[in-house]
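Notes to accompany the following structure.
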Amino acid sequence: PAWREPKEWLGAALARRFPLQLLSDQPAHRLHGQLDAAQASRQAKVAGREAVRLHPRDAAARGISTGDVVRLFNDRGACLAGAVLDDSLMPGIAVLPTGATYDPDDPGADKPLDRHGNPNVLTSDCGTSRLSQGPAVNCLVEVERWADAPPVTAFSPPAIEKIPGEREYTNQERI
C-alpha cells in the first residue's frame, strides 16, 4: 500500500480557498434523483432546496442558521441549498445529498448557478480510479449565506410559445 494524496482534501493547499470537504451521500427520502418531485422528497427540502448539513461551528463562522439559503461554490460551479445545522458532523465537513433536479439560473452560461442544490456542479468529472471509474462524490467548497435567492423552477413546466400565424387549438382538439 502507498499513500497517494487526493487532489482535493482538507490537507491540500486548495483548502485555504475552499475550507469545507463536501460529501455527497445518498438521500434517505428518494433513490438518487428518482422521485425528486414526489411529496416525500419535497418535504425534506429546506426553503424549497436540497438540504446541506453543516457543523454549527462552521455555520456560525459564516453567519449561517438553520433554514438559511446558502451558496456552495468552488472553481467548477455553484449551487444553492437550504442549511441544516448538525453537530454530529465533524467540523470542516458539509453534506449535500445527490439527486436534486438540476435547475440552472442561466442554462447558456459557462458556469450557471444551480438553484436547487445539485452537487454535480461542484464535483470533478474525473472517475475515482482507472478500475471503477465511479463518480467523484466529494470535493472542496466554501459556503456563504445567500440573500434574495431566485425561485426553484425545476418542477415548473416550461412556457409554451405561440408560433406567429399558427391558430390556437382548444383542449378538446388537442386530445
Side-chain angles (χ1 to χ4, degrees), residues 1-34 36 41 44-64 66 68-107 109-146 149-150 152 154:
W3 165 256
R4 293 187 183 155
E5 183 175 330
K7 290 180 183 175
E8 292 188 45
W9 68 297
L10 292 176
L14 187 61
R16 287 191 290 276
R17 289 182 44 224
F18 305 112
L20 297 173
Q21 182 78 47
L22 177 69
L23 303 178
S24 183
D25 62 353
Q26 291 299 318
H29 46 274
R30 64 175 181 268
L31 177 62
H32 306 288
Q34 294 179 35
D36 189 30
S41 183
K45 308 283 182 186
V46 175
R49 299 162 207 287
E50 197 64 33
V52 60
R53 294 177 17 233
L54 301 166
H55 188 276
R57 189 177 340 160
D58 294 326
R62 293 162 176 80
I64 296 170
T66 290
D68 287 346
V69 174
V70 297
R71 181 176 80 110
L72 292 83
F73 63 96
N74 59 23
D75 288 337
R76 284 184 287 275
C79 68
L80 299 178
V84 174
L85 306 192
D86 184 348
D87 61 4
S88 71
L89 293 176
M90 277 179 39
I93 303 294
V95 180
L96 181 64
T98 187
T101 302
Y102 181 59
D103 188 24
D105 66 337
D106 181 0
D110 182 38
K111 293 181 185 177
L113 173 70
D114 174 57
R115 298 176 282 211
H116 193 216
N118 187 313
N120 291 350
V121 300
L122 303 165
T123 58
S124 171
D125 286 336
C126 297
T128 55
S129 74
R130 290 183 309 198
L131 177 64
S132 71
Q133 286 298 307
V137 295
N138 61 63
C139 61
L140 295 176
V141 298
E142 179 58 287
V143 178
E144 64 185 359
R145 261 183 101 238
W146 195 257
V152 173

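Computed from a predicted structure; not experimentally measured.
Atom-to-atom distance recorded for C139:SG and L14:CG is 9.5 Å, nearest 0.5 angstrom. To the nearest 0.5 Å, the span separating CD on E142 from CG on L22 amounts to 12.0 Å.
The shortest distance between side-chain heavy atoms of S24 and L96 does not fall below 4.5 Å. Between D25 and T98, every side-chain heavy-atom pair lies at or beyond the 4.5 Å cut-off. Two residues are said to be in side-chain contact when any heavy atoms from C-beta on lie closer than 4.5 Å; P19 and L10 fail this criterion.
Here the closest heavy-atom approach between residue P150 and residue R49 is recorded as O-NH2, 2.6 Å. Listed here is the closest heavy atom pair of A81 and V52: CB-CG1, 3.8 Å. Considering all non-hydrogen atoms of both residues, P112 and P104 come closest at CB-CB, 3.8 Å. Among all heavy-atom pairs drawn from R145 and G63, the shortest one is CD-O, 2.6 Å. In terms of heavy-atom proximity, D114 sits nearest to N118 at OD2-N, 2.6 Å. Heavy-atom minimum distance, L85 versus T66: N-OG1, 3.1 Å.
Screening residues 14-23 for side-chain hydrogen bond (donor to acceptor under 3.5 Å, both in side chains) gives R17-D75, Q21-N138 as the qualifying pairs, with residues at least two apart or on separate chains. The side-chain hydrogen bond (donor to acceptor under 3.5 Å, both in side chains) contacts involving residues 87-96 comprise D86-S88, where partners must be two or more places apart or lie in separate chains.
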Quiz item: After noting the C-alpha distance and the side-chain angles of C79 and V121, does the key distance pass the side-chain contact (heavy atoms from CB on, under 4.5 Å) rule?
Solution: CA-CA 7 Å; C79 68; V121 300; 3.8 Å; yes
Self-check item: Residues V143, L54; criterion side-chain contact (heavy atoms from CB on, under 4.5 Å); working and verdict
Solution: CA-CA 9 Å; V143 178; L54 301 166; 4.2 Å; yes
Quiz item: side-chain contact (heavy atoms from CB on, under 4.5 Å) between L20 and L140: does it pass, once the steps are laid out?
Solution: CA-CA 6 Å; L20 297 173; L140 295 176; over 6 Å; no
Exercise. Take T101 and H116, measure what side-chain contact (heavy atoms from CB on, under 4.5 Å) needs, and give me the verdict at the end.
Key: CA-CA 7 Å; T101 302; H116 193 216; 4.0 Å; yes
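Qualifying side chain to side chain contact (heavy atoms under 4.5 Å, CB included) partners for E144, counting only residues two or more places apart in sequence or in other chains: R71, F73, W146. With sequence neighbours excluded, the residues that form a side chain to side chain donor-acceptor pair (under 3.5 Å) with R115 are D103, T153. Remark: H29 pairs with no residue by the ring pair (Phe, Tyr, Trp, His ring centres under 6.0 Å) rule, at least two apart or across chains. Partners of R30 according to the salt bridge (Lys or Arg N to Asp or Glu O under 4.0 Å) rule, which considers only residues two or more places apart in sequence or in another chain, are D36, E50. For the side chain to side chain donor-acceptor pair (under 3.5 Å) test, no residue two or more places apart in sequence or in another chain qualifies with H55. Partners of A28 according to the side chain to side chain contact (heavy atoms under 4.5 Å, CB included) rule, which considers only residues two or more places apart in sequence or in another chain, do not exist here. Residues forming a side chain to side chain contact (heavy atoms under 4.5 Å, CB included) with V84 (at least two apart in sequence, or on another chain): V46, A51, R53. For R57, there are no salt bridge (Lys or Arg N to Asp or Glu O under 4.0 Å) partners, not counting sequence neighbours. In this structure, D58 has no side chain to side chain donor-acceptor pair (under 3.5 Å) partners at least two apart in sequence or on a different chain. For E5, the side chain to side chain contact (heavy atoms under 4.5 Å, CB included) partners at least two apart in sequence or on another chain are W3, W9, A12.
Heavy-atom neighbours of K7 NZ from other residues, nucleotides or ligands within 6.0 Å: at or below the threshold of 12.
Listed for the R76 side chain is a donor-acceptor partner under 3.5 Å among the backbone atoms of L122.
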